[in-house]
Structures are given as C-alpha cells and as structure tokens.
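Below is one structure, written out as structure tokens; comments come after it.
If you're wondering where the values come from, they're calculated on a predicted model, not measured in any experiment.
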Amino acid sequence: MMANCKLGFYALLALCFLFSLSSAYKVGVGRADITGPPVEINFMGYANIKQIGRGLHTRVFARAFVVEDEQGHRVAFISADCGMMGYGLKREVVKRLQARYGNLYTTENVAISGTHTHGAPGGFLMHLLYDISILGFVPQTFEVMAQGLYLSIKRATDNLVDGRIFFSKTTVLNANINRSPTSYLRNPVEERAQYEHDVDKTLTQLRFVDKENNLLGAFNWYAVHATSMNNTNKLVTSDNMGYAALLLEKEYNPNKMPGKGKFVGAFCSSNLGDVSPNIMGPKCSISGNECDLLSSHCPAGEGDCFASGPGRDMVESTQIIGQRLAEGALSLLNEQSQESTAREVTGDVRFIHQFVDMPKYNGSTYNPLSRKLDKIRGCQPAMGYSFAAGTTDGPGAFSFEQGTTTDNPMWNFVRDFIVPPTQEDVKCHEPKPILLATGRATFPYEWQPKIVSNQILKIGDVILAAVPCEFTTMAGRRLRNQIRAAASAAGGIDTEVIIAGLTNIYSSYTVTPEEYQAQRYEAASTIFGPHTHTIYMDVFEHLTKAMMRNETVDAGPSPPYMNDVMLSLNTGVLFDGHPIGTDFGYVKTQPEKEYGINDTVKATYISGNPRNNLFTEKTYFTIERKINEDRWKVTYTDASWETKMIWHRTNTILGFSELEIYWTISPQTLPGEYRIRHSGEYKYILGGKYPYEGLTHSFTVKED
C-alpha cells in the first residue's frame, strides 16, 4: 500500500513538473489602430499615381503578441495592416518602447511584418522609389503608424499572463493561385515533385491561451497577396487578410465593435511573392480572352491582362477569400473541444538579428551540378524592365511586358538620364535588363535599401524567419528547409519554420535563381541580382546555427538615418468652408424613412477634411439603434465591413466638401429605429481646428 502511495506521489510530482514545463511562458496579445489619412493621400502597393484615397471602408490595425520564457527571454511580433514595413518606422517604434521599458525591447527581439494590403495610405517607407507614387513622405501616416505599432506591443506587454502556446496547421484550398506559373516551372522537376501545388496551401496557426485555457489570441500565416481589392479602389481597406481578422475577432469578441475586445486574431503574410488571391485567373479585360502565358500580355484592342477573384466584384471577392481564410483558422480553434491535432509548443525563447549590406556580400555556395563551390555576390539595387509591366493583380504602364530579357534604346536613354548603371551593374544583374539603377541613385536620398534586416525568433520548437521582402513560393520552401536542417544540425531538435514576410524593412522581391532567369515581374523586382536568394539562404543558415548554439553574431552595418532629409509634395489642409445657410455637420441628404434587409442607407453631410482629425481608436461616424426613449446603442462604426465613408471636395477655392456615409443592412441586423451620427473637425481659415457633429433623423429597419 505504501509503495503504491509513493508511486502515486511521484507520479503527481512528475505531472506537476510536466505541467510546469508546458506552462513556462508568459504570453500577451494587443491591438491598436494604425489608420492613416483616408483622403488625398496615395495608397501604397500598386504604385498607381491615380489611386488617391477618397474615404474609408475598414480601419487598419496592428496586432501583436509578446512571449517570455522562464529565463526572461522575450520576443515581440507585430502583424500590421499595411503594405510592408520600413526600417525608419521600426526604429521609431523601438525608440518609443525603450523610452518606456529600457532595453527590454530592441531591434533584435522585435519583428514587424506587413499584411501587404494595397489599400492603405503610403508615405512611411523612407525610400524614394517606394514613396514616389505617394508624392513623398507623409508625416501624418508615419506618426499614426509609429504610435499604433508601439501601442500594440505596449498592450500586449500590459496583458502578459502565465500561458501556453499551441501550434497547428490546416489546408485552405481555393484561396490562392500562382500568378507566375511559368517561372515556377523553371525550378527542378524533382523539387517540384515534392509538392502537390505550385503555391503553399497551408495555414499555420499559433494559439495563445492562459493557464485556465481561456483563448487569448491566434496568429495565422498564409501565403497570399492582399490584392483582392484592385488598383481602382480608393477607400482604405485591410483587404482579404484584414477581413479574415475581423471575422475571427468577431467570433471571439461577441457584441464588441471591430478593433475592440480582448481576443486578438491576426492573419500574417508569408512567402506570397508569386501568389495571388484572384483565383479565377488572368483574362484580357476587354475581350475576355486568355492572356499570353509567358508575358501576361494581351493583343492590341483586347485590354489589359487582369486577374479576377471569385466574386461578382472586388469587394465580394475580398469577402470570399477572407471568409475561406477565417474558416480555416476557426477550424483549428474549434478543435479545442474535440480531438485536437494541435500540439503544445515547449522550449526556450531565443532571437538573433543581423544587418547585411547586400551589394557588399561575398560568399560561396555548393553547386551540386559541378560539385564545386561557386562564388556568390550581391549587386547594387536595380529594377528590371518587367517591373514596369506590373502583375496580373495590377498591370503596369506603357508597353512593358513580363518576361523581358532584352533592353530598349529609348528606355535606356530615359534610365541613363536619371542615373546610369555601370557596366559592372549590367553584368551583375544579367539576364535582367536594368530599367532603374536605384542603387546608384542618391538624390534626394536613397532610392532603395542596400542594408537589409535578417532576423529569427525562436519560440520553443517554432522558428519565425523574418525576411525583408516578398519571397516566392519555392524561394520560401527552400528557406524553410534550410533553416529546419540547420536547427537540427546545430541544436539537435526538429522545428517548425514559418516565413514571416515583408518584415522590418522592404527590399521588394526574392525569387529562386532558376525563376530569376525568366524575368517576370517578381524576378525583375529582385533588386540584388541573381544570387539574392542564395545569399539569404547562406545568411539564415549561419544565423540559425549561431542562435541554436547561443553564439553571438556581428550586428552588421545599421541602415542610414534619413528622417531629417525626407521630402514631400503633399500639402496639408489649408482651410475648410461651408455654403451659406449651412454649417459643418449639416445633413444635406437625409436617409429614407424605412429600409429592409440588404438595402443600403445613405446620408450626406457638409464636412471638414477628414485629415484634420484621424479619430484614431475612435470613429468618424456611428450607426445607432434606439433602445428606449433615453438611450441609443452604437451598432456599427467606420471600422465595420457593412459601412463606407466617401469624401468629396465640392469647391477647392472655398474649401467646401461633403461626406457620404453608406450602411448596407446585413441579415443579422435587428429591426428597429436607427440614426447616423457623424463627428469631424474643420480647419478655420484664420487658424485652429474645431469639432462638429451631425445627426440624421431616425429611420426604421423593418423585419425581413
């Protein structure tokens, strides 16, 4: 009997020990608003000078998690609803974190990744090529993003609790296709044979719970461009990835407005370089015929080569793709109450980071064909001809075609007038014909980065590889395999590797050496030449082994500080005015008296410029439902998918403008009496900004 008691006692101790191992983390999640100026500022992504913001469909958010192990080693990761990340912005975020927390957060243990929406205000990247279509640097965008990114980590830090982390993955079909399939086919047949699809279909999830198993958050990585909304869209949007996040958060934050609630659900970018959400494929926009497969070009008179999504329009396509992603994530979260395929993450937290000057990189790699070491080197940044052709998600201008490997005297003349490449540059980038020698351009400041950020975060046996660009499908697969092998060789453990794309600094694309030869858009945008991917493979292998062995690495040269040389052609708001007989907030167009399900309510206000106040963490308007004689309840805000806000300048000289608010009544809407409230600020001609408010008359939503 005593022996059995002893066995029971030791078994209990063993169970307690195992539980302590599985509960060795402190975890926290946080979210913050990073919505920039919704009007008069160009969006970042398509580089379309005509894509100037005219309003708001959804707000954009930064979503963060913080993890700390028993030894106090801590990492922070942010997924932000923006095109990509700039290092000047990350540097500012770390500066603000250190002002509050000291050296708890550094460049080494903070990673910031963009979801790659092409529908958010630009002007924050601080490199001329990326900001030129936005007409330069936009301080208002930079500031709201810096503060929001900082707040997301601060809130995650404030929310730290003892918790556990679970890793799981599932397959999501019918959400992505390869937009450069002929380039993918350049990769070795035996390598392609290892994979069922020419894009990654796996959704990978980290689930965070407290010690009582209450769900705190879920971060999901999936390889797809956030380009369901095309370059004709002029309303701020988080696109398919953001819509998926809104759906996921709505599920676990019931009765909360979008962007509110304790649960944080994020959908993060991965190796999406050649991956499109427009799964119906490309067609000639006028004729409807198939585009040329190699060049993505249409014959004269047949229009542009445009890919489309599964919906009737780009908004419905965004919903469909976002819904499919959200359903994949929900299927993993719902396994908690069933026989779960998720496994718990255990092990310590580590991180490593290194800046690399890519044009100065010299190394060697083993060539399996020659069985010799080949020398590799980086090139000065340059963009190829096919860069100007754009993609099937957003075609470019003039007569450029994808797959161009020869140059043109006229365009070379234009290129050389701006800044000519050297003969060494031309040879280094072959077979890419150089259209823009961005690495040689220095006026008025750096056009593209030369120094990039390479970072790894390790949470137990899960490794996040934070890459500073858009890796294509096979480029990402090779990197994952390389890191996994290096971790096994140096640390003796099997790991799951996640590619976190568009992180910390943006340096366009990375393709495999084989894909580079095809010179489609992604290859033409691989700015450091044909060995770019090989260099990253080399760097990340070295970093992985050093991290697993707890070795330090040289920090590398820091990117230049350029905050004090930024230029902008964007003007601020001069003043606002209103027509005689009205005032700011006056309802010019009242809603109808009665509406039904699926109807759209419209109200028009005399307004100030929305740039006067971004209403960060607040809202430009509310849809309110009457509860009783004295109380109205907010049911929708400007962050809701069901609403839209469109701003018009009606008289530039006098500063008149109007704001239209739209609300599409969903089947979930309760019948009753409603009204719309708009809040804004106007800028007085003699100086100062002043608040105003407008309220419609009430209207009825009838039962279906």
If we count only N and O atoms by modelled type, under 3.5 Å, do the side chains of [X] and [Y] hold a donor and an acceptor together?
X: Thr107; Y: His353; result: no
X: Tyr385; Y: Asn412; result: yes
X: Glu470; Y: Thr510; result: no
X: Thr106; Y: Glu108; result: yes
X: Glu446; Y: His127; result: yes
X: Asn220; Y: Gln205; result: yes
X: Gln519; Y: Thr405; result: no
X: Arg477; Y: Gln194; result: no
X: Tyr506; Y: Gln448; result: no

For atom [atom1] of [X], decide whether the heavy atoms of other residues, nucleotides or ligands shown that lie under 6.0 angstrom number more than 12.
X: Gln423; atom1: CD; result: no
X: Asp494; atom1: CG; result: no
X: Lys201; atom1: NZ; result: yes

Are Phe65 and Phe77 an aromatic pair, judged by ring center distance below 6.0 Å? yes
Ring centre gap for Phe355 and Tyr87 strictly below 6.0 Å: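 That pair passes the under 6.0 Å test.
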Quick one: side chain to side chain donor-acceptor pair (under 3.5 Å) pairs with a partner in residues 542-553, sequence neighbours left out? Glu541-Lys545
Run Glu522 and Ser180 through side-chain hydrogen bond (donor to acceptor under 3.5 Å, both in side chains) and show every step you take. CA-CA 8 Å; Glu522 296 82 12; Ser180 288; 2.7 Å; yes
By ring-ring contact (aromatic ring centres under 6.0 Å, His included), which residues pair with [X], not counting sequence neighbours?
X: Phe43; answer: none
X: Phe167; answer: none
X: Tyr105; answer: Tyr101
X: Phe413; answer: none

Taking atom [atom1] of [X] and atom [atom2] of [Y], what is their separation to the nearest 0.5 Å?
X: Met84; Y: Ser507; atom1: CE; atom2: OG; answer: 10.5 Å
X: Arg91; Y: Asn504; atom1: CZ; atom2: CG; answer: 12.0 Å
X: Asp131; Y: Ile134; atom1: CG; atom2: CD1; answer: 5.5 Å
X: Phe124; Y: Leu149; atom1: CZ; atom2: CG; answer: 9.0 Å
X: Ile499; Y: Leu464; atom1: CD1; atom2: CG; answer: 9.5 Å
X: Ile459; Y: Glu68; atom1: CD1; atom2: CD; answer: 12.5 Å

Any residue meeting disulfide bond (SG atoms under 2.5 Å apart) with Cys469, in chain and number order, not counting sequence neighbours: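 Disulfide bond (SG atoms under 2.5 Å apart) check on Cys469 returns nothing, list empty.
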With the side chain counted from C-beta on, respond yes when [X] and [Y] share a heavy-atom pair under 4.5 Å apart, and no when they do not.
X: Tyr222; Y: Phe267; result: no
X: Ile153; Y: Ile78; result: yes
X: Thr512; Y: Tyr184; result: no
X: Val565; Y: Pro444; result: no

Give me the atom names and distance for the closest heavy-atom approach of [X] to [Y].
X: Leu502; Y: His116; result: CD2-ND1, 3.5 Å
X: Pro359; Y: Pro381; result: CG-CD, 4.0 Å
X: Arg350; Y: Met547; result: NH1-O, 3.1 Å
X: Ser269; Y: Ser113; result: OG-OG, 3.4 Å

Can you classify the ring geometry of Tyr536 versus Phe540 as parallel (below 30°), tilted (30 to 60°) or perpendicular (above 60°)?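 Correct class here is tilted.
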Parallel, tilted or perpendicular: which describes the rings of Tyr521 and Tyr509, with under 30° parallel and over 60° perpendicular? perpendicular
Does [X] come within less than 4.0 Å of [Y], counting only side-chain N to carboxylate O?
X: Glu514; Y: Arg186; answer: no
X: Arg478; Y: Glu191; answer: yes
X: Arg520; Y: Glu515; answer: no
X: Asp374; Y: Lys372; answer: no

Please name the residue in the list Asp200, Leu206, Leu203 that meets the side-chain contact (heavy atoms from CB on, under 4.5 Å) test with Trp221. Leu206
Check for a donor-acceptor pair, side chain of Lys450 on one end and backbone N or O of Gly439 on the other, with a separation under 3.5 Å.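 Yes: the side chain of Lys450 pairs with the backbone of Gly439.
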Pair Trp411-Phe398, ring-ring contact (aromatic ring centres under 6.0 Å, His included): steps then yes or no: CA-CA 11 Å; Trp411 289 114; Phe398 305 106; 5.3 Å; yes
Against Arg179, only a single residue in Asp274, Asp198, Asp393 fulfils salt bridge (charged side-chain N to carboxylate O under 4.0 Å, His left out); can you say which?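 Among Asp274, Asp198, Asp393, the one meeting salt bridge (charged side-chain N to carboxylate O under 4.0 Å, His left out) with Arg179 is Asp393.
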Is the Lys NZ or Arg CZ of Arg63 less than 6.0 Å from the centre of Phe219's six-membered ring, within 45° of the axis? no
